[in-house]
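Reviewing the structure listed below.
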There are 2 protein chains.
Amino acid sequence: MHNHSEKFPDPPRTLSATVYDDLRARLLVGRLLPGDTISIRTLAAEHGMSAMPVREALKQLALERALTGALKRAYRVPDLTCGEAANLFQIRAVLEGGAAEAATPHLSARDLETLRRRTRQMDVAWHKQDAIRFLEANFRFHALIYSRARNDALLDLIENLFVRTGPWLAKGILSLDKPEDWLGEHEAIVAALERGDAALSRRLIEEDARWGMSFFQS
Amino acid sequence: MHNHSEKFPDPPRTLSATVYDDLRARLLVGRLLPGDTISIRTLAAEHGMSAMPVREALKQLALERALTGALKRAYRVPDLTCGEAANLFQIRAVLEGGAAEAATPHLSARDLETLRRRTRQMDVAWHKQDAIRFLEANFRFHALIYSRARNDALLDLIENLFVRTGPWLAKGILSLDKPEDWLGEHEAIVAALERGDAALSRRLIEEDARWGMSFFQS
DNA sequence: ACGAGGCACCTGTGATCACAGTTTGACAGG
DNA sequence: CCTGTCAAACTGTGATCACAGGTGCCTCGT
């Protein structure tokens with residue numbers, strides 16, 4: 001049997017990084033919801049490894065505020081207050097706005113086509129009430145844009161914020177009964193990017209980033 | 001003997017957090033310089049503890065890019081390229097600009113007085129070529145402003161960026177022979193804040209954040 | 001004298017064990 | 001039936017040991 005058929009990213013990486021990435025991906029798309037509790041030994045058993053790598057991954061996620069870790073108590077997915085969520089989306093707006101503005105001149109025609117595909121994926125996921133697929137396509141849409149800003153550190157920070165707001169957004173989407181509220185702002189974003197209008201792109205992205213606050217705003 | 005005379009923040013916290021904070025403080029003020037190497041067991045011996053807490057702290061710092069951690073090789077303080085440094089200062093500019101704008105209406109007269117004191121401390125440290133004291137006062141100056149923006153998550157992110165740019169700034173300051181280049185822009189910032197001019201404060205802070213790029217720019 | 005190979009020491013990573021505080025559920029008493 | 005209490009099982013944290021890979025110096029051969 002050839003090895004090529006197996007997943008390959010494992011060997012050069014560390015076990016700790018494996019579970020870290022796994023948790024991060026789950027938070028990003030809302031496969032973990034606010035209040036969910038996570039145990040070191042349970043996760044270790046699921047992954048078939050010792051508790052050591054898992055504990056490191058959880059501690060790191062707690063440090064970057066993707067999880068809460070009280071002393072001697074189980075790690076949990078943070079249940080943000082509206083104020084905390086608003087703060088996060090405020091940061092996302094300024095950070096993603098700047099990234100979009102810087103990325104505008106560097107988007108290729110191929111990129112724009114990919115963005116349109118992501119938009120369509122989001123549309124069908126939204127009407128299916130499939131929060132996970134929706135958030136996944138949404139993240140890939142934004143990540144592609146920001147990656148063209150040629151600033152890796154900035155991309156990391158934005159990704160972190162997506163991870164932290166993921167569970168909140170998933171909770172918000174799942175709490176809706178009517179999927180009517182969705183308006184295809186993303187097409188406007190793609191149009192602005194295509195025209196090379198950096199200022200407009202920035203404004204639209206800022207608006208889109210703040211959209212997540214529309215849930216539960218009291 | 002009374003316990004009140006001892007440092008108190010220790011007991012409720014974890015050993016791992018202790019060495020984490022210690023390293024972070026050292027990076028922030030440039031007591032660790034780019035290229036410096038850090039060993040788990042050495043640090044553990046210095047702190048009189050097992051290697052376990054130290055490894056967690058180092059891994060966390062590596063994760064937030066405050067240290068580099070190649071596989072099976074010693075952790076080191078990153079020696080940033082000019083491009084990477086420029087990226088970081090670009091992020092600082094947009095993030096700190098936004099924070100300053102939001103904080104402007106909430107600064108008290110007492111805050112402004114403290115800011116002026118920090119400015120004076122920076123001045124004397126600069127003329128003494130004391131990079132550590134300079135960076136410490138500089139950080140406290142900025143941190144006080146941003147703390148008034150009432151956005152803890154934003155404050156965390158900015159602090160992280162200070163930690164990451166600390167060694168670079170220290171290297172830059174120490175490489176200068178003449179301390180002539182220092183211009184007291186901070187007084188202008190305080191003046192703008194005192195007048196409640198949010199837009200001007202933002203612009204001045206952005207300018208100040210980009211100042212760190214003036215070293216070694218090729 | 002110079003270069004290449006090898007071995008000893010260094011590094012981080014993972015496993016296993018011991019410990020202390022927290023949570024939870026069951027059982028006894030009102 | 002409700003409530004207060006206690007014990008067992010859970011939680012994360014820290015220590016110690018074993019392992020594999022990387023680095024560099026020292027020696028042996030030419």
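Residue numbering restarts at 1 for every chain, and letters A, B, ... go by the order of the sequence lines.
In this structure, the side chain of B:T14 does not engage the main chain of B:A17 through any donor-acceptor pair within 3.5 Å. Checked by atom type and distance alone, the side chain of A:E84 pairs as donor or acceptor with a backbone atom of A:T81 at under 3.5 Å. Looking only at distances, no side-chain donor or acceptor of B:D21 sits under 3.5 Å from a matching main-chain atom of B:T18.
Positionally, the nearest nucleotide of DNA chain C for A:G48 lies more toward the 5' end than for the other of A:R41 and A:G48. In terms of position on DNA chain C, the residue among B:M52 and B:I38 whose nearest nucleotide sits closer to the 5' end is B:I38.
Note that CG of B:N160 is 9.0 Å distant from CG of B:L88, once rounded to the nearest 0.5 Å.
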What are the atom names and distances for every N/O pair under 3.5 Å that joins the protein to nucleotides 21-24 of chain D?
from	atom 1	to	atom 2	distance (Å)
D:dT23	OP1	B:R73	NE	3.3
D:dT23	OP1	B:R73	NH1	3.4

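Mapping heavy-atom proximity under 4.0 Å, the span of DNA chain C touched by chain B runs 5' to 3' from C:dT11 to C:dA15.
The side-chain contact (heavy atoms from CB on, under 4.5 Å) search around B:R73 returns B:A70, not counting sequence neighbours.
Residue B:L58 is classed as having no contact, given no heavy-atom separation below 4.0 Å to the nucleic acid. Across all strands shown, A:S39 has heavy atoms under 4.0 Å from sugar-phosphate atoms exclusively, and none from any base.
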**Request:** Show your reasoning for whether side chain to side chain donor-acceptor pair (under 3.5 Å) applies to A:R210 and A:Q90.
**Result:** CA-CA 7 Å; A:R210 288 186 221 272; A:Q90 167 65 19; 2.6 Å; yes

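Within 6.0 Å of atom CG in B:D152, 12 or fewer heavy atoms from other residues, nucleotides or ligands are found, so the atom counts as exposed in its surroundings. A:R133 CZ: 12 or fewer foreign heavy atoms inside a 6.0 Å radius.
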